[in-house]
Amino acid sequence: MINKNAQSNNGNELEDGLKRDLKTNQLTMIAMGCAIGTGLFLGSGFAIKTAGPSVLLSYGIGAFIVLLLMGCLTEMTVAHPTSGSFGTISEKYINPMAGFLVRYSYWIANVLAVGVEVSAIAVYMKYWFPTVPAIVWILLFAALLIYINAKSVYIFGTVEYWFSMVKISAIVGFILLGSYVLFGTDQPNIGPGNLVNDGGFLPFGWWGMWVAIFISLFSFLGTEMIAVTAGESKDPDVAVPKALKSTVFRLSTFYVLTIGIMLMIVPWKSAGIDKSPFVKVMEIYNIPGASGIMNFIILMAALSAMNSQLYASTRMMFSLSRGNHAPVFLGKINSKGVPISALAVSTLGIFIAAAINAMLPDSSYALMMGISMFGALFTWFMVFISHLFFRKKWVKMGGRQLPVRMPGFPYLTILGVVLLGSLMISTWFTGFKIMLQFGIPWLLFLSAAYLVWKKRNSKERDGTE
C-alpha cells in the first residue's frame, strides 16, 4: 500500500530535509538550461533533414503543445510544490499506480537523456580532438557534473544559472549576427528564397512536418524541470508561474528565430548531424576562431542540459524512495540537503551511453534520443490526463483559490492529450519507432513490478496486524 503520508495535502512532509534555496531567476535558468541543449544545437539538424524549411511550423506547433502543457502544470504545481511533482499529482488525483509509472518513467527519461547529452559531447569534442576516444570525454565531464550535483542545491543553481547565461547570450549574439548578414549585407544565395528552394517549403510534405514536431518536442524537453525544482524554491506561488511563463516565451522565440535565420543563410540540405548547423553557419563566413568558439558554447549547452537532467533524475528517485516506491536508502540526504544515494543511482545513463557509444559510434545519439523520449512524452501525456482529474477534484475538495488557472478547461487540456497522443503513435511509422519498442515493454514491466510490490507490501502489512 501507499505510504499514508503520500495522500496528505501536498506531499511536502515527504521531502523534509531538502533546502528551499532556489530563487525565481535560478528556476528559469535551470529550465532554460535543460531545454537549450542538444535539442537546439544538434537535434535541429535532425529536424531540418526530416521536414526541410517547414520545420519552422514543426517548432511552432511544438511550442504550442508545450504552452498547453505548462498551463496545466503551472496550476497543479502551485497546488503541490514538491520534487515528486507530476508523479505526486498523478498518485493523488488518478491512482497510486499512475504515480508509480510517471515517477519511474520520468526518472528513466532523464537518466537516458543524460546519456544523450554525453553522446553529443563526444561529437563536439571530435571537432578539436578527432583521434581521442569518446569514452575519455564522457568520463571526464561526467565526473565534473556529478561533483557539482553532490554539492548543495544552491551551488547547483548558481552553476546552472551561469551555464545558461553564457549560452543564451550566445544565441542572442547568433540572432544579431544572422540578422545583420541577412538584412545588412548583400550576400548572394542568402535570404528568404532558401525557405522555398530545393523542393519548396514542404519538400517532404505534411508528413515530414508532422514527424519533425516530435523532434521539436525533444528540444523543449526540460521546461517541466521547474515543477521538479518547485520543491526547493523559496516562494512557489510566485516563482513557479513567473518562471514557467518566461521560459516558454523565451524558448519559443529562440528556437523559431534561430532556426529561421539559419535556414535563410544555409540551404536546408546542408544541415547534417556530423556537426552542429550553428557551427556550419560560422564556418561559412570564415570568422577567425568563430566556429571553435561556437562549438565551445554548444559544448557548454550540452553540459548544462546534462547537469539539469542529472538533478531531475536524482530528485525523482528521491521522491520515489520517500513515497515508499524505492529502497529507503535512496531517500536519505547528506548534511547539505543533497540525496547523494539517489544521485549515484541516477548516473546509470552515463554508463549506458558510454557502452552504446562504443558499440554504435555513428548512431548512438539518435538511438539514445529515441529511447529517452518515451519517458518524457509519457510524463507529459500524464500531466494532461492528471489535469483533467485535478481540476474537478480540487474544486470538490474545497481547495484554496489558486493564483493561476489553465484557461479553456477542459477543451485545451483535451487538445493537448490528442496532439501528444497522436504524435506518440505516429513514431511507430518513423525512424523513431524504437521509442515505442522500448516504451511499451517498459510500461508493462513497471505495471507488473507495481502489482508485485503492492501484493508483497499488503502481505507484510497483514502479517504485522
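Quick note: numbers below take in every heavy atom, side chains included, and nothing from hydrogens, waters or symmetry partners. In this text, all values refer to a predicted model and were calculated from it rather than measured experimentally.
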| field | Evaluation steps, side chain to side chain donor-acceptor pair (under 3.5 Å), between Ser386 and Ser90 | value | CA-CA 6 Å; Ser386 297; Ser90 294; 2.9 Å; yes
Of all heavy-atom pairs between [X] and [Y], which one has the smallest distance, and what is that distance?
X      : Y      : result
Pro410 : Leu388 : CB-CD2, 4.1 Å
Val345 : Trp107 : CG1-CZ2, 3.7 Å
Ser313 : Leu310 : OG-O, 3.0 Å
Thr314 : Ala342 : O-CB, 3.5 Å
Thr77  : Ile89  : N-CD1, 4.4 Å

| request: Inspect the surroundings of CH2 in Trp128 and state if more than 12 heavy atoms from other residues, nucleotides or ligands are less than 6.0 Å away. | output: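 Correct, the count exceeds 12.
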| field | Residues, nucleotides or ligands: over 12 heavy atoms within 6.0 Å of Phe389 CZ | value |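 Open.
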Would the distance check show the side chain of [X] and the main-chain N or O of [Y] forming a donor-acceptor pair, the cut-off being under 3.5 Å?
X      : Y      : result
Glu75  : Met406 : yes
Ser105 : Val102 : no
Asn194 : Met264 : yes
Ser304 : Met300 : no

Show every donor-acceptor pair shorter than 3.5 Å between a side-chain atom in residues 426-439 and any protein atom, with sequence neighbours excluded, or say none if there are none.
unit_1 : atom_1 : unit_2 : atom_2 : d
Ser426 : OG     : Trp210 : NE1    : 2.8
Ser426 : OG     : Ser422 : O      : 2.8
Thr427 : OG1    : Met424 : O      : 2.6
Thr430 : OG1    : Thr427 : O      : 2.9
Thr430 : OG1    : Phe432 : N      : 3.0

| message | Can you confirm whether or not the ring centre of His387 sits under 6.0 Å from the ring centre of Phe409? | response |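 Here the rings of Phe409 and His387 have centres that are less than 6.0 Å from each other.
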| field | Ring centroid separation Phe86 to His80 under 6.0 Å | value |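 So the answer is no for these two rings.
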| request: Using the six-membered ring wherever Trp is involved, compare the ring planes of Phe390 and Tyr93 and label them parallel, tilted or perpendicular (cut-offs 30° and 60°). | output: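 Aromatic pair Phe390/Tyr93 classed perpendicular.
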| said: Looking only at the side chains, is there a donor atom on one of Arg405 and Thr74 sitting less than 3.5 Å from an acceptor on the other? | reply: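 Their side chains do not contain a donor-acceptor pair, so the 3.5 Å distance test is not met.
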| field | Pair Tyr311, Glu160: side-chain N/O donor-acceptor within cut-off below 3.5 Å | value |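 Glu160 and Tyr311 do not have a side-chain donor-acceptor pair below 3.5 Å.
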